[in-house]
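Beneath this line is the structure, given in structure tokens, with notes to follow.
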Amino acid sequence: MEVCYQLPVLPLDRPVPKHVLSRRGAISFSSSSALFGAPDPRQLSQRRGAISYDSSDQTALYIRMLGDVRVRSCISLEPERRGSHPYLCVDFRILHSRHDPAAPASAYSVRRLLSFQRYLHSSRRLRCGSAPPHILDDDYVGQAKCMLQRTGSWNFDIFLFDRLTNGNSLVTLTFHLFHHYGLIELFQLDMVKLRRFLVMVQEDYHSQNPYHNALHAADVTQAMYCYLQEPKLSTSLSACDILLGLLAAATHDLDHPGVNQPFLIKTNHHLAALYKNTSVLENHHWRSAVGLLRESGLFSHLPAEDGLNMEKQLGSLILATDISRQNEYLTKFREHLEKDDLCMANSSHRHFVLQASSALTDAALRNMPCGISDRPLPPLSCVSPADLQMALKCADICNPCRPWELSKQWSEKVTEEFFHQGEIEKRHSLEVSPLCDSQTNTVGSIQTGFMTYVVEPLFAEWARFSDTRLSRTMLGYLALNKAGWSGALQELGGGLDEGTEASAEEPDSTALPQGSQRS
């Protein structure tokens with residue numbers, strides 16, 4: 001949300017005062033000319049916030065906290081990300097902007113995006129060590145805190161919460177959940193390091209992505225919290241299980257480029273070669289999360305072996321979000337449900353808990369100051385890796401199970417990202433990926449097929465595992481949303497297009513863009 005407060009107007013011939021740069025709000029310049037007559041916008045980047053220039057109002061600069069520095073016009077002030085890699089000569093900052101068909105596309109102008117570490121360590125130290133990282137704007141702190149009290153509601157409006165937090169929904173929500181579960185005290189986490197880690201995570205999501213951005217990560221984290229509250233899980237989760245679940249939800253799409261795995265493979269991207277064309281994006285999300293954990297030093301006070309175990313188990317959760325392996329995980333989960341053997345009695349189920357949960361929790365308790373270790377802890381986990389993996393998988397694609405007002409927004413955002421990939425592929429004479437062609441697909445046709453062949457089978461099995469009011473609510477919303485999109489298709493008179501009918505003949509999840517997009 002961009003809010004322009006009524007601040008004093010600064011003449012163009014006067015430098016911006018330091019006290020103005022340090023305050024939160026907006027700075028208006030009295031100028032009827034374009035941006036070039038205004039003070040250097042890079043000077044404004046010194047403050048802890050983001051600057052966006054509205055081309056429809058050339059006299060105002062709107063500032064938000066902890067966002068990206070970006071000008072919404074043909075001029076780009078977005079700083080170069082660190083560790084830049086060549087990407088088939090594709091610059092996503094250019095590709096995500098409005099394309100002028102009259103302008104020639106030079107091979108040099110199309111450059112990269114993916115990066116493992118995108119800013120200099122020194123710049124991050126300066127940024128995190130300057131002004132105190134205010135989480136909520138004073139004008140909205142009351143409303144945001146009120147919403148945090150309803151975090152466990154399935155009707156939680158993450159879009160409204162993101163506006164109330166000035167685009168910092170992921171940092172605010174995750175920090176709140178860590179405090180809610182007492183994880184900061186239990187694992188002796190440094191609050192400065194935790195805040196720094198969460199800010200870096202939020203920054204490493206690409207805000208120009210319509211769907212795979214920090215807002216999606218916040219939505220998945222909120223859904224994961226709802227699942228962790230389910231009786232089947234809440235009664236048997238350990239503190240480490242909760243810690244892993246929240247971390248995996250917050251970082252599961254870290255540094256997502258806005259294109260899917262087949263696109264990276266057919267463009268010979270370096271990540272596709274690095275991970276041998278297998279779960280390319282998921283491996284990159286996991287390694288990026290590990291990099292930020294080590295850079296922030298969040299677990300530096302724990303024994304090295306326990307930290308490695310934590311990173312390994314975090315990877316097992318994030319890798320499970322690869323929907324190209326949907327049938328594999330779903331079949332395994334269905335077999336466990338039929339055998340009713342999801343318990344610690346099974347050695348393969350104990351592997352996750354004993355390596356990550358028991359060792360790490362014991363290590364944390366050994367170093368616990370007096371008084372803290374006396375507090376009651378959750379029992380050792382009876383939850384298998386499959387349970388937590390399936391919970392994260394459900395949280396990742398739960399948008400069709402939300403109320404229509406929320407689900408529709410997510411459907412439009414993910415379809416916009418699909419269609420944008422299709423435009424990139426057409427522009428560079430590449431084969432257009434399935435369901436990414438805006439001329440042959442619609443939002444309704446894509447969502448109907450996705451709900452039928454991906455979402456319904458997964459949530460049906462989840463309802464078998466956890467037959468609660470929440471599960472029934474999600475299935476109810478899913479049926480209503482599917483009927484809504486089907487009705488919209490019938491009104492258009494088109495029904496399902498040929499691409500969706502082809503996928504209907506052979507419902508293989510690997511053929512769906514969501515197989516690597518919704519990762």
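The residues of the chain are indexed from 1 along the displayed sequence.
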Restricting to non-hydrogen atoms, name the atom on [X] and the atom on [Y] that form the minimum distance, rounded to 0.1 Å.
X	Y	result
A289	L314	CB-CD2, 4.2 Å
L458	C394	CG-SG, 3.8 Å
G258	E417	O-CG, 3.5 Å
F333	E461	CE2-O, 3.8 Å
A460	L475	N-CD2, 4.4 Å
A223	A395	CB-CB, 3.9 Å

Determine, using ring centers only, whether H206 and H256 are less than 6.0 Å apart. no
For the rings on F459 and W462, is their centre-to-centre separation under 6.0 Å? no
Verify side chain to side chain contact (heavy atoms under 4.5 Å, CB included) between F197 and T251, making sure each step is shown before the conclusion. CA-CA 11 Å; F197 168 74; T251 62; 4.2 Å; yes
All ring-ring contact (aromatic ring centres under 6.0 Å, His included) counterparts of [X], not counting sequence neighbours:
X	result
F419	none
Y225	H180, Y181
W286	none

Side-chain H-bond candidate by donor/acceptor type, [X] with [Y], under 3.5 Å:
X	Y	result
S433	Q421	yes
Q188	H301	no
T321	D396	no
S153	N155	no
N168	Q202	yes

Suppose we screen for salt bridge (Lys or Arg N to Asp or Glu O under 4.0 Å). Which residues come up paired with [X], at least two apart in sequence or across chains?
X	value
E412	K408
D467	R472
E416	none

Could you tell me if the side chain of [Y] sits less than 4.5 Å from the side chain of [X], heavy atoms only?
X	Y	value
R464	E338	yes
L281	L271	no
L406	I158	no
D157	F161	no
L292	L254	yes
S169	Q222	no
F465	L233	yes
C240	M310	yes

Has [X] got a side-chain atom pairing as donor or acceptor with [Y]'s backbone, closer than 3.5 angstrom?
X	Y	answer
S234	E230	yes
R196	E295	yes
S324	D322	no

Tested for ring-ring contact (aromatic ring centres under 6.0 Å, His included) against H252, the lone hit among H285, H212, H216, H284 is H216
Taking ring-ring contact (aromatic ring centres under 6.0 Å, His included) as the criterion, tell me which of W410, Y205, F418 meets it with Y211. W410
Would T172 and L148 count as a side chain to side chain contact (heavy atoms under 4.5 Å, CB included) if you check the C-alpha gap in whole Å, the side-chain angles of each, and the deciding distance to 0.1 Å? CA-CA 9 Å; T172 306; L148 286 175; 4.2 Å; yes
For the [atom1] atom of [X] and the [atom2] atom of [Y], what is their distance to the nearest 0.5 Å?
X	Y	atom1	atom2	answer
E282	L317	CD	CG	13.0 Å
F263	H269	CZ	NE2	9.0 Å
L308	E305	CG	CD	8.0 Å
S466	M390	OG	CE	12.5 Å
I397	M451	CD1	CE	11.0 Å
L470	Q229	CG	CD	10.5 Å

Show, in sequence, the C-alpha distance, side-chain angles and deciding distance for T267 and V259, and conclude whether the side chain to side chain contact (heavy atoms under 4.5 Å, CB included) test is met. CA-CA 11 Å; T267 55; V259 293; over 6 Å; no
For S296, all residues meeting side chain to side chain donor-acceptor pair (under 3.5 Å), sequence neighbours excluded: none
With sequence neighbours excluded, what pairs up with R294 under the side chain to side chain donor-acceptor pair (under 3.5 Å) test? E311
Decide yes or no on side chain to side chain contact (heavy atoms under 4.5 Å, CB included) for K193 and L189, but give the supporting numbers first. CA-CA 8 Å; K193 292 181 179 180; L189 300 179; over 6 Å; no
Within residues 211-223 or reaching into it, pairs that qualify as salt bridge (Lys or Arg N to Asp or Glu O under 4.0 Å) - sequence neighbours excluded: D219-R402
Partner set under side-chain contact (heavy atoms from CB on, under 4.5 Å) for [X], not counting sequence neighbours:
X	answer
T331	R334, E335
Q149	none
T473	W154, R469, Y477

